[in-house]
Amino acid sequence: MAPALHAAPLAAINKGDVAWMLTSTLLVLMMSIPGVALFYGGLVRAKNVLSVMMQVLTVLALVLLLWTAYGYSLTFSGGGAFIGNFDKAFLDGISASSQASGLPEYLYFSFQATFAGISCALIVGALAERMKFGAVLAFTVLWFTFAYVPVAHMVWAPSGWLHTLGALDFAGGTVVHVNAGMAGLVGAALLGPRMDMGRTAMRPHNLPLAMVGAALLWVGWFGFNAGSALSANATAALAFVDTLLATAAGVLAWLGAEAVFRKRPSMLGGISGVIAGLVGITPACGNVGPLGAIAIGALASLACLWGVNGLKRLLRVDDALDAFGIHAVGGIAGALLTGIFSVSALGGNGGNGFGMLHQFGIQALAVVITLAWSALVALLAGLLVKWVYGLRVSDEHEREGLDTTVHGERAYDD
Amino acid sequence: MAPALHAAPLAAINKGDVAWMLTSTLLVLMMSIPGVALFYGGLVRAKNVLSVMMQVLTVLALVLLLWTAYGYSLTFSGGGAFIGNFDKAFLDGISASSQASGLPEYLYFSFQATFAGISCALIVGALAERMKFGAVLAFTVLWFTFAYVPVAHMVWAPSGWLHTLGALDFAGGTVVHVNAGMAGLVGAALLGPRMDMGRTAMRPHNLPLAMVGAALLWVGWFGFNAGSALSANATAALAFVDTLLATAAGVLAWLGAEAVFRKRPSMLGGISGVIAGLVGITPACGNVGPLGAIAIGALASLACLWGVNGLKRLLRVDDALDAFGIHAVGGIAGALLTGIFSVSALGGNGGNGFGMLHQFGIQALAVVITLAWSALVALLAGLLVKWVYGLRVSDEHEREGLDTTVHGERAYDD
Amino acid sequence: MAPALHAAPLAAINKGDVAWMLTSTLLVLMMSIPGVALFYGGLVRAKNVLSVMMQVLTVLALVLLLWTAYGYSLTFSGGGAFIGNFDKAFLDGISASSQASGLPEYLYFSFQATFAGISCALIVGALAERMKFGAVLAFTVLWFTFAYVPVAHMVWAPSGWLHTLGALDFAGGTVVHVNAGMAGLVGAALLGPRMDMGRTAMRPHNLPLAMVGAALLWVGWFGFNAGSALSANATAALAFVDTLLATAAGVLAWLGAEAVFRKRPSMLGGISGVIAGLVGITPACGNVGPLGAIAIGALASLACLWGVNGLKRLLRVDDALDAFGIHAVGGIAGALLTGIFSVSALGGNGGNGFGMLHQFGIQALAVVITLAWSALVALLAGLLVKWVYGLRVSDEHEREGLDTTVHGERAYDD
Amino acid sequence: MNGVLPVNLITSIIRPHKLDAVRQALEDVDVNGMTVTEVRGFGRQKGHTEMYRGAEYVVDFLPKIKLEVVVTDDRLQAVLDAVQLAAHTGKVGDGKIFVVPIGQVVRIRTAELDGDAL
Amino acid sequence: MNGVLPVNLITSIIRPHKLDAVRQALEDVDVNGMTVTEVRGFGRQKGHTEMYRGAEYVVDFLPKIKLEVVVTDDRLQAVLDAVQLAAHTGKVGDGKIFVVPIGQVVRIRTAELDGDAL
Amino acid sequence: MNGVLPVNLITSIIRPHKLDAVRQALEDVDVNGMTVTEVRGFGRQKGHTEMYRGAEYVVDFLPKIKLEVVVTDDRLQAVLDAVQLAAHTGKVGDGKIFVVPIGQVVRIRTAELDGDAL
Ligand SMILES: Nc1ncnc2c1ncn2[C@@H]1O[C@H](COP(=O)(O)OP(=O)(O)O)[C@@H](O)[C@H]1O
Ligand SMILES: Nc1ncnc2c1ncn2[C@@H]1O[C@H](COP(=O)(O)OP(=O)(O)O)[C@@H](O)[C@H]1O
Ligand SMILES: Nc1ncnc2c1ncn2[C@@H]1O[C@H](COP(=O)(O)OP(=O)(O)O)[C@@H](O)[C@H]1O
């Protein structure tokens with residue numbers, strides 16, 4: 001994502017840019033609801049589908065307002081290396097005629113707001129089927145404030161530390177996916193596994209629903225990736241084609257591996273490949289060429305396949321819907337591969353001065369910083385919430401399901 | 001919504017505007033199908049889900065053709081105070097090069113057509129689960145002709161009475177929501193309550209479906225609201241951010257109230273808050289600032305919470321899916337609050353000459369006129385249809401469900 | 001669809017065009033997933049829903065990569081009458097600054113890629129519920145290579161044979177729908193009927209799902225049709241309004257016929273009317289006026305109603321989800337009617353030199369060529385796959401359902 | 001203590017929309033426990049027709065509710081009468097009641113037996 | 001009138017895809033009423049395996065159909081034979097038939113009893 | 001061969017989440033066949049409340065599992081004990097076990113009868 005430039009507020013705004021960014025913003029909103037809500041909702045058991053959908057919706061709504069209150073300002077206002085300032089808190093000083101990055105600032109604000117929203121919504125997947133509703137909200141608010149906002153500032157603000165180091169993260173692979181996936185892992189570890197874990201099968205209750213969610217995520221992701229060009233220009237077109245092809249490669253890689261190793265390629269595998277390919281190409285989509293995108297999509301997909309199998313068995317954490325196994329692992333793979341495939345010999349737009357090894361190092365640094373920062377904040381936030389309010393619902397509520405016990409309703413009826 | 005200006009048909013059209021309005025138009029279409037169809041379909045019992053979806057689809061198709069035949073012309077052609085003329089009936093005189101409001105007229109026509117479509121589709125919710133299919137169509141056609149068209153003309157045509165009075169209704173809070181909600185209430189009163197009302201629980205048969213519907217309504221509503229700027233400009237961006245934040249506030253207000261008063265915030269509450277916030281901000285979104293939008297979203301949501309509880313018990317009408325309780329109540333709240341939050345001291349763009357009390361009066365007048373006009377037309381239309389054709393299906397059909405008895409099919413099978 | 005012009009690569013690109021075409025491309029992607037996946041998924045029995053969704057997703061992913069490898073180049077590069085060349089295979093020579101048809105070439109490439117994807121995905125409907133997964137993929141790849149690519153070249157490339165003859169196919173009625181429908185018919189005939197055909201009812205397992213699919217197809221089809229203008233201009237607006245109204249007419253025609261002949265208008269009928277109207281208007285939408293569009297929508301719908309009833313009984317082929325009965329029949333009706341309603345006396349933009357009879361002949365020729373070519377390729381491809389790998393799953397797998405036996409998972413669980 | 005009385009399983013196949021009425025009638029004769037299953041019934045009553053893409057056919061099974069109540073002998077007749085009255089519409093398809101003598105009943109919670117277990 | 005003959009409840013657990021054949025066979029021996037329930041069976045027959053994100057396991061219950069038919073003694077054997085033949089595939093998992101004597105039958109519509117109620 | 005022993009149908013109504021434990025307990029006493037139905041139970045145990053747009057009400061039926069096992073007389077008591085123990089929580093709503101003597105059993109696959117059919 002291009003950094004927010006406030007230099008030329010009086011320049012004429014191109015309506016084609018505005019048209020595309022209005023569309024992109026609603027596409028990113030659509031990724032959260034219904035996208036993630038459907039994807040996660042379909043993957044849990046029928047007794048908990050409303051609870052995850054509620055968590056996604058409420059976290060989104062909450063973060064949109066917090067973004068208004070201080071998130072936007074702390075991220076994009078002011079010149080600190082680690083955090084911004086409060087000058088634009090509550091949209092102070094912004095009017096319909098304000099501009100940012102060549103767009104009406106309200107639009108730029110909205111676009112960025114939907115990124116904050118989906119980042120927090122993604123975490124819900126790791127915590128599914130056992131966490132108190134209030135605890136989900138509290139945990140998310142703390143993480144948003146102390147992890148999302150500073151990391152976004154460090155990576156995207158012109159003065160941000162990682163930005164000045166030269167870390168490449170076109171659309172948010174590190175800020176969004178590595179960041180959120182790590183928080184999910186820590187949260188899930190603090191929560192402990194679901195009570196029936198290992199004893200009964202925790203099958204998705206409605207895979208077609210999850211498939212629709214994944215499909216809408218793909219569609220919406222064009223807003224996320226091509227929208228991060230902040231303009232209807234050639235970079236947007238590049239990000240678009242990269243997003244299209246990396247995802248196709250992600251699907252085929254996952255299904256191919258399943259066909260070889262398990263004989264039966266699965267729907268859950270196919271949609272996991274969709275997400276993995278999308279996550280992988282996110283940091284790279286403005287920098288690598290279409291063939292590089294295909295490679296990244298396939299490699300990220302295989303990395304995530306390992307993430308939800310081998311790595312998951314190693315970690316022994318009940319990351320219920322694989323927020324870490326897909327978003328963090330895919331995000332790490334993507335960030336590192338961006339360093340490689342951006343080189344012009346591999347079709348990237350890295351230019352002459354681009355040093356693959358050097359860039360790889362910076363990318364790795366950005367990943368490690370993000371992982372560490374996010375994990376630390378998630379740990380402290382989770383412990384605080386546990387101590388003050390408690391993290392888990394009672395066993396009886398967990399057994400009966402969160403829909404009836406926490407929200408007083410059932411998903412399905414005759 | 002800016003009035004249709006036909007003054008400068010030869011001016012160059014900006015392609016950015018066209019791009020955004022093409023997108024907006026399909027977004028508003030998406031609000032009806034699948035948006036409203038899903039939202040309503042999920043909220044009824046399983047034996048009636050197809051019937052409401054059919055009603056939404058058929059009403060939409062019918063109104064699109066009637067809009068072509070005479071609706072557009074009577075609304076936007078001619079200079080009357082209460083109604084237009086037939087000059088553009090059947091799109092007479094319009095070609096691909098015609099312009100309206102700075103857009104290709106075919107596009108302007110299409111955008112407005114989708115507004116007419118969703119207004120009529122909304123009414124279906126009040127009448128659900130017991131009305132003859134033919135009666136729904138006849139009732140809707142009459143109401144469209146004698147209520148929607150004149151009210152839209154009065155509010156949006158440059159010569160329209162309420163328009164010249166200065167009523168503010170940026171995207172159609174009065175024309176669409178108050179208007180349709182009132183028609184639903186009258187229709188439901190004429191129909192009588194569903195047969196099991198009060199004896200058995202009429203639970204939503206599929207809340208995830210309704211949630212997806214609400215989510216797509218939110219996404220599509222950006223076409224409705226920001227599209228009403230008719231241009232990819234700063235006003236569209238303002239309407240966009242207002243629509244984003246008001247809805248978030250609507251969700252949190254409803255859930256907060258449920259958490260306080262019932263201990264258990266619900267999914268149905270959350271999605272009701274989505275719709276309530278959206279309805280509330282609709283008339284205001286081109287005029288109030290983001291903080292005003294948050295206030296309006298929250299207040300409209302609380303008003304609707306009362307609308308579907310306290311008020312509903314008062315009215316004793318089986319408005320099955322709360323077309324009145326949410327759309328009319330939220331629309332009224334929004335229309336009145338527009339008068340307040342448009343003032344520049346509260347972040348609105350009311351300007352210097354803007355008198356809050358004066359505007360509040362005009363807004364109230366527009367609401368009252370719309371309520372009265374819509375109620376009268378709905379009453380006469382309902383009585384006529386009842387007399388000529390009958391309104392309700394037989395008890396046996398109602399008991400077995402409308403899907404099998406009216407449409408000859410079942411929604412779900414193994 | 002306007003042919004790909006590569007003449008002026010250095011001309012300034014209009015960002016409004018780019019904005020609309022980015023949007024259009026993702027809309028066409030959305031037609032495949034979730035559109036077609038939902039539509040087909042809802043219509044099969046519960047034990048096969050994942051299998052059709054998998055086939056749609058995997059075919060799409062595969063074709064996107066094949067389009068990159070050679071499809072795009074063979075279709076749009078080079079000046080042959082029947083096929084292009086390999087100059088742009090693997091996007092050779094294309095960079096972010098390349099242009100095609102006034103757009104960034106990556107965008108033009110992506111837009112066309114989604115057309116290839118949906119064409120192949122449509123075929124899946126005819127083959128549903130009994131075909132080996134690998135056989136679906138192999139059959140599709142062969143058909144894509146030897147039928148889709150040459151027909152698309154013949155119709156859309158400036159040097160293509162049917163293009164130079166003057167065949168009108170604005171958005172792909174012949175290339176996509178006639179072509180794919182015919183392949184489906186031949187494939188289904190080679191496969192043989194589903195084992196319970198005629199003995200048990202093969203009811204749709206989830207009509208609301210199919211309804212959502214149809215609704216998203218309608219929404220996405222604006223990208224397909226109005227996007228085929230390749231610009232946010234007056235032609236796009238014309239294609240838009242035509243697509244809106246033809247579909248409305250398609251719905252009402254089908255439901256009207258059902259109401260008259262069967263007393264009970266059905267949801268399956270309504271959504272079939274949606275698709276029929278859309279298919280019918282596809283070749284015509286840049287050429288006929290709105291009233292012509294209404295006529296075409298209604299007539300194509302009635303033709304398809306016959307296609308899935310009378311004609312289907314005649315053909316005695318188990319075209320499971322009516323890929324031929326709707327897409328080919330509707331496509332043929334649309335192609336022929338385009339020849340008629342393009343005449344300016346009927347509101348079309350045929351111009352003075354336009355000869356209705358002459359054009360009708362050309363349209364018929366294009367249809368016949370496409371039908372014959374597609375059938376031949378499908379026949380050879382099907383026989384080859386049958387011989388090498390086999391087409392059908394075992395009876396036991398078919399009886400138990402393809403979801404568990406081929407993909408190792410079930411769609412629904414508690 | 002009615003642990004000595006013989007016990008019967010009364011199985012009723014009824015119309016789904018009659019469930020509430022039958023439950024009420026059973027409560028009125030002081031039967032508060034029962035188990036309900038959704039079943040499909042074939043019988044004299046014929047179903048509606050459905051149409052799908054040209055294929056029209058009669059649905060020959062109909063949704064019914066199976067209601068199982070276990071009671072001691074002394075209340076058998078009262079329950080039979082209650083169900084028969086409450087589930088009655090007089091049209092074909094009202095359903096049947098079957099009575100089967102039961103050998104033994106156990107309440108899982110308390111391990112009480114037979115009449116005491118109800 | 002066969003109101004005096006003893007009555008039996010025949011419960012058959014069969015493969016779902018055999019339902020149509022069994023129904024046909026029952027009609028052929030003039031049994032037109034029956035009640036059908038979707039059940040899950042555990043037994044010798046083993047289910048397929050399913051995989052979800054790395055977790056692979058055997059599904060140990062299988063969908064079966066429970067078919068309940070009430071007939072008088074004179075037709076019992078004919079019904080048993082009809083079901084056994086029609087539901088037979090010869091592979092593990094074909095299912096079982098249980099016969100339980102019934103004390104009383106009531107037709108709700110008419111209050112007819114026992115054999116007359118069928 | 002235990003074809004001569006009397007046979008019983010043991011029907012247990014249990015809590016859904018106890019199904020796995022009960023199945024395990026049955027396997028431990030060498031019972032490997034059973035049939036399971038999802039049912040709804042009314043009884044002393046009261047359901048949760050649900051709210052929909054202002055309407056709040058108690059859900060008075062509860063999801064239960066009906067487990068049917070057919071065994072010969074010699075194993076009846078072992079099965080009863082196994083189920084009672086495994087399904088027990090001690091709270092209201094644990095459910096019941098009913099035993100009904102069976103007249104005849106047929107294994108469809110082999111046409112074996114009675115004890116041999118199990
Ligand atoms: N012989 C039978 N055995 C088991 N169930 C039966 C039998 N006959 C009827 N039923 C059940 O009773 C229901 C009603 O029977 P039906 O013949 O339609 O009407 P009625 O009970 O009024 O004579 C059927 O749908 C079926 O579920
Ligand atoms: N002891 C039993 N009690 C109740 N139902 C049983 C019993 N044994 C088997 N069944 C039912 O019969 C079905 C078939 O039994 P199974 O052992 O798999 O094959 P077969 O009947 O061919 O021996 C099971 O799925 C189950 O529903
Ligand atoms: N008289 C009865 N007849 C049939 N089923 C019963 C009867 N009483 C209880 N049940 C079943 O047993 C379940 C548990 O009964 P309940 O009274 O709630 O608790 P408990 O078994 O602990 O006394 C009920 O939900 C119902 O399914």
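Within every chain, numbering begins at 1; the chains are lettered A, B, ... in the order of the sequence lines, protein sequences first and strands thereafter. Every value quoted in this text rests on a predicted model; they were computed, and no experiment measured them.
- Interatomic distance, A:M211 CE to C:L38 CG, rounded to the nearest 0.5 Å: 7.5 Å.
- Residue C:E409 holds its CD atom at 4.5 Å from OG of A:S266, rounded to the nearest 0.5 Å.
- Between chain A and the options C:L209, C:T25, C:L107, C:N14, the largest number of non-hydrogen pairs under 4.5 Å is found for C:T25.
- Applying the salt bridge (Lys or Arg N to Asp or Glu O under 4.0 Å) test to pairs two or more places apart or on separate chains, those with a residue in residues 12-23 of chain C are A:D17-C:K15, B:K15-C:D17.
- The salt bridge (Lys or Arg N to Asp or Glu O under 4.0 Å) check on C:D87 picks up nothing, with sequence neighbours excluded.
- Within the 4.5 Å cutoff, no side-chain heavy atoms of A:P290 are placed close to those of C:F90.
- Most heavy-atom pairs under 4.5 Å with chain A, from the set C:A96, C:A37, C:A411: that is C:A411.
- Annotation: the span from C:S110 atom OG to A:F222 atom CZ amounts to 7.5 Å, rounded to 0.5 Å.
- In terms of heavy-atom pairs under 4.5 Å with chain A, the best-connected choice from C:L91, C:V49, C:V406 is C:V406.
- The contact list for residues 234-255 of chain A toward chain C, using heavy atoms and a distance under 4.5 Å, reads A:A234, A:A236, A:A237, A:L238, A:F240, A:V241, A:L244, A:L245, A:A248, A:A249, A:V251, A:L252, A:L255 by residue number.
- Only the side chain of C:L60 comes within contact range of chain A, with at least one heavy atom under 4.5 Å from a heavy atom of that chain.
- Pairing each heavy atom of A:A19 with each of C:A19, the nearest pair is CB-CB, 4.1 Å.
- Chain A forms the most heavy-atom pairs under 4.5 Å with one residue out of C:L57, C:L22, C:T114, and that residue is C:L22.
- Heavy atoms of C:A232 lying under 4.5 Å from chain A are absent altogether.
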Please evaluate residues C:M53 and A:L207 with respect to the criterion side-chain contact (heavy atoms from CB on, under 4.5 Å), reporting the C-alpha separation (whole Å), side-chain torsions for both, the decisive distance (0.1 Å), and the verdict. CA-CA 10 Å; C:M53 289 183 147; A:L207 275 170; over 6 Å; no
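- Residue pairs meeting the salt bridge (Lys or Arg N to Asp or Glu O under 4.0 Å) criterion with at least one member in residues 45-61 of chain C, sequence neighbours excluded: C:R45-C:E129, C:R45-C:D196.
- In this structure the side chain of C:D403 never reaches within 4.5 angstrom of the side chain of A:M267, judged on heavy atoms.
- Considering only heavy atoms from C-beta on, C:V18 stays 4.5 Å or farther from A:N233 through its side chain.
- Side-chain N or O atoms of A:R264 include one that pairs as donor or acceptor with a backbone N or O of C:T404 at under 3.5 Å.
- Side-chain atoms of A:H205 do not come within 3.5 Å of backbone N or O of C:D413 as any donor-acceptor pair.
- With rounding to the nearest 0.5 Å, the separation of CE in C:M30 from CE in A:M30 is 7.0 Å.
- Looking at C:T68 and A:L291, their side chains come closer than 4.5 Å, going by heavy atoms from C-beta outward.
- When each of C:Y412, C:W20, C:W67 is scored by its heavy-atom pairs under 4.5 Å with chain A, the top score falls to C:Y412.
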